[in-house]
**Q** 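I have a structure here, written as structure tokens, and I will follow up with some questions on it.
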Amino acid sequence: MLKIATWNVNSIKVRTPNLIEWLKEAAPDVVCLQELKCLEDAFPFGPIEDLGYNIAVHGQKTYNGVAILSKYRLDDVTEGLPGDDSDEQSRYLEAVLTVNGTLFRIATIYLPNGNPVDSDKFAYKLAWMDRLVAHAKTLLAYEEPLVLAGDYNVIPTADDVHDPAAWAGDALFRPETRARFHKLMNIGLTDAFRACHTESHRYTFWDYQAGAWQKDHGIRIDHLLLSPQAADRLLACDIDKVVRGREKPSDHVPVWATFEA
DNA sequence: ATGCCGGGCGAAGCCCGA
């Protein structure tokens, strides 16, 4: 069994104690991290390696930054989303690992937020999503177990937000954003959470402000998208909501899936 | 609430996130 998780930690520096606590109790084999907000030099390798993880980091100072933690050796590590050599934001990292003879390809994704929608940030988000669709097509052609895990900054449907009307104009829920997410799904990816759960209003993010956590005003924006070969092996998927109620929490919580391996 | 909280940077106040 292989357990793969994704978590936007909102600064690895301040979140290291939360991460270590959760790694010990959840015992994931692979973790895709986002929003490190640091360069590789400042990444806290020591306490994480002490728990038995190999680590690949694609860092950036102050903003973005992604990493993959793995109990299995990481091979063929590639940094950055293909398709635009001028893109300097650290939002994508891909690697492969082998579990009992089965290769798994894993990517950690920090998809751009895109707000405000009347700025070039929204255009950057949509262009980034187009590049992700193109790259995912390439990866799907390998016909491997593939897990694209991360903070997509996309609310897939009205069932994934506490107040759809309030989010109607937001870059996370705009028709242009959701159209591209549908395009990504329709090339043949499976939302691991939705494959395991039909209930509405299950969230992965709660804003720090306005008592969003206390009122359960959340959104589901952290996703594990699976190739058919990964979906065939899917055993379970869930959200570790309890982490949001701890001391100095990230505004996102971990989402995990388990696979036959 | 057009960022209410929280983090980075850097040492006050702005930028950013979703």
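Naming: A, B, ... by sequence-line order, numbering from 1 per chain.
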**Q** Which value, in whole Å, describes the distance between the C1' atoms of nucleotides B:dG7 and B:dG3?
**A**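 After rounding to an integer number of Å, I get 13 Å for this pair.
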
**Q** Roughly how many Å is it from CG in A:Leu36 to C1' in B:dC9, rounded to a whole number?
**A**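 Going from CG in A:Leu36 over to C1' in B:dC9 covers 17 Å.
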
**Q** Around atom CD of A:Glu25, are there more than 12 heavy atoms of other residues, nucleotides or ligands at under 6.0 Å?
**A**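 Yes - once you tally the heavy atoms of other residues, nucleotides and ligands closer than 6.0 Å, there are more than 12.
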
**Q** Hey, does A:Lys121 reach any base, or is it just sugar-phosphate, or nothing, if we go heavy atoms under 4.0 Å?
**A**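 Answer is sugar-phosphate: A:Lys121 comes under 4.0 Å of backbone atoms only.
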
**Q** Could you tell me whether the phosphate oxygens of B:dG7, OP1 or OP2, come under 4.0 Å of any side-chain nitrogen or oxygen in A:Lys248?
**A**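 Answer is yes, contact under 4.0 Å.
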
**Q** So what does A:His217 hit on the nucleic acid, given a heavy-atom distance under 4.0 Å: a base, only sugar-phosphate, or nothing?
**A**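 Nothing, no nucleic acid heavy atom in range.
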
**Q** Could you check A:Val14 against A:Leu172 and say which one's nearest nucleotide on DNA chain B is further toward the 5' end?
**A**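 The 5'-side residue here is A:Val14.
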
**Q** How many Å lie between CD on A:Glu247 and P on B:dG6, as a whole number?
**A**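 Distance, rounded to whole Å: 11 Å.
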
**Q** Whole angstroms only, please: what is the NZ-C1' distance between A:Lys125 and B:dG17?
**A**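 Computing the A:Lys125:NZ to B:dG17:C1' distance gives 12 Å.
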
**Q** Side chains of A:Val253 and A:Trp206: closer than 4.5 Å at any heavy-atom pair?
**A**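 Heavy-atom side-chain distance check passes, below 4.5 Å.
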
**Q** For the P atoms, the ones on B:dG17 and on B:dA12, what distance do you get once it is rounded to whole angstrom?
**A**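 Result for the P pair: 25 Å, nearest Å.
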
**Q** Students often get this wrong, so: under 4.0 angstrom with heavy atoms, is A:Asp118 touching a base, only sugar-phosphate, or nothing?
**A**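 Nothing, no nucleic acid heavy atom in range.
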
**Q** Give a yes or no on whether the ring-centroid distance for A:His135 and A:Tyr92 is below 6.0 angstrom.
**A**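 Yes, ring centres under 6.0 Å apart.
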
**Q** Across the strands shown, which category fits A:Asn153 at heavy-atom distances under 4.0 angstrom: base, sugar-phosphate, nothing?
**A**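 Sugar-phosphate, backbone atoms only, no base.
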
**Q** Describe the nucleic acid contact of A:Tyr110 in one word from base, sugar-phosphate, nothing, applying a heavy-atom distance below 4.0 Å.
**A**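 Sugar-phosphate, backbone atoms only, no base.
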
**Q** If you compare every side-chain N and O of A:Arg15 against the phosphate oxygens of B:dG6 (OP1, OP2), does one of them come in below 4.0 Å?
**A**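 For A:Arg15, the contact criterion (side-chain N or O under 4.0 Å from OP1 or OP2 of B:dG6) is not met.
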
**Q** Select one nucleotide: of B:dC16, B:dG8, B:dG17, the one nearest the side-chain heavy atoms of A:Tyr63.
**A**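 So the nucleotide nearest the side chain must be B:dC16.
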
**Q** Return no unless some side-chain N or O of A:Lys61 is found under 4.0 Å from OP1 or OP2 of B:dC9.
**A**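 Yes, A:Lys61 has a side-chain N/O under 4.0 Å of OP1/OP2 on B:dC9.
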
**Q** If you check every side-chain atom of A:Asp207, which of B:dG7, B:dC16, B:dG3 has the closest atom?
**A**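 It is B:dG3.
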
**Q** Do we get A:Arg91 above A:Tyr110's six-membered ring, with its NZ or CZ under 6.0 Å from the centre and within 45° of the axis?
**A**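 Yes, A:Arg91 lies over the aromatic ring of A:Tyr110.
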
**Q** Between B:dG8 and B:dT2, how many Å separate the two C1' atoms, rounded to a whole number?
**A**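 It comes out at 22 Å once rounded to the nearest Å.
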
**Q** Could you tell me whether A:Trp256 and A:Trp7 have their ring centroids closer than 6.0 angstrom?
**A**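 Here the rings of A:Trp7 and A:Trp256 have centres that are no less than 6.0 Å from each other.
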
**Q** Pick the closest DNA chain B nucleotide for A:Asn10 and for A:Gly211 by heavy atoms, then say which residue is nearer the 5' end.
**A**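 Result of the comparison: A:Gly211.
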
**Q** Please report, rounded to the nearest Å, how far the P atom of B:dC16 is from the CG atom of A:Leu111.
**A**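 Taking CG of A:Leu111 and P of B:dC16, I get 18 Å after rounding.
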
**Q** Can you tell me the distance, in whole Å, between the OH atom of A:Tyr208 and the P atom of B:dG6?
**A**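 Taking OH of A:Tyr208 and P of B:dG6, I get 7 Å after rounding.
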
**Q** For B:dC9 and B:dC4, measure between their C1' atoms and round to the nearest Å.
**A**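 Each nucleotide's C1' atom is 22 Å from the other's.
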
**Q** Using a heavy-atom cut-off of 4.0 Å across all strands, would you classify A:Asn64 as base, sugar-phosphate, or nothing?
**A**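 Answer is nothing: A:Asn64 stays at 4.0 Å or more from every strand.
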
**Q** Between B:dA11 and B:dC5, how far apart are the P atoms? Round to whole Å, please.
**A**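 Result for the P pair: 25 Å, nearest Å.
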
**Q** Would you mind reporting whether A:Leu33 and A:Val66 have side-chain heavy atoms less than 4.5 Å apart?
**A**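 They are not in side-chain contact.
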
**Q** Check for me whether A:Lys3 meets the cation-pi criterion with A:Phe259, that is, NZ or CZ under 6.0 Å from the six-membered ring centre and within 45 degrees of the ring axis.
**A**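 No, a cation-pi geometry is absent between A:Lys3 and A:Phe259.
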
**Q** Using whole Å, what does the distance between atom P of nucleotide B:dG17 and atom CD of A:Gln34 come to?
**A**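 Rounded to whole Å, this separation is 15 Å.
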
**Q** The side chain of A:Gln209 lies closest to which of these nucleotides: B:dC5, B:dG17, B:dG8?
**A**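 Between B:dC5, B:dG17, B:dG8, the one nearest the side chain of A:Gln209 would be B:dC5.
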
**Q** When you compare B:dC14 with B:dA1, how far apart are their P atoms, in angstrom units rounded to a whole number?
**A**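 Per the computed distance, 23 Å lies between those P atoms.
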
**Q** Give the rounded distance in Å between these two atoms: CD of A:Gln214 and P of B:dC4.
**A**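 That distance rounds to 17 Å.
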
**Q** Roughly how many Å is it from CG in A:Asp170 to P in B:dG3, rounded to a whole number?
**A**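 Spelled out: CG on A:Asp170 to P on B:dG3 is 12 Å.
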
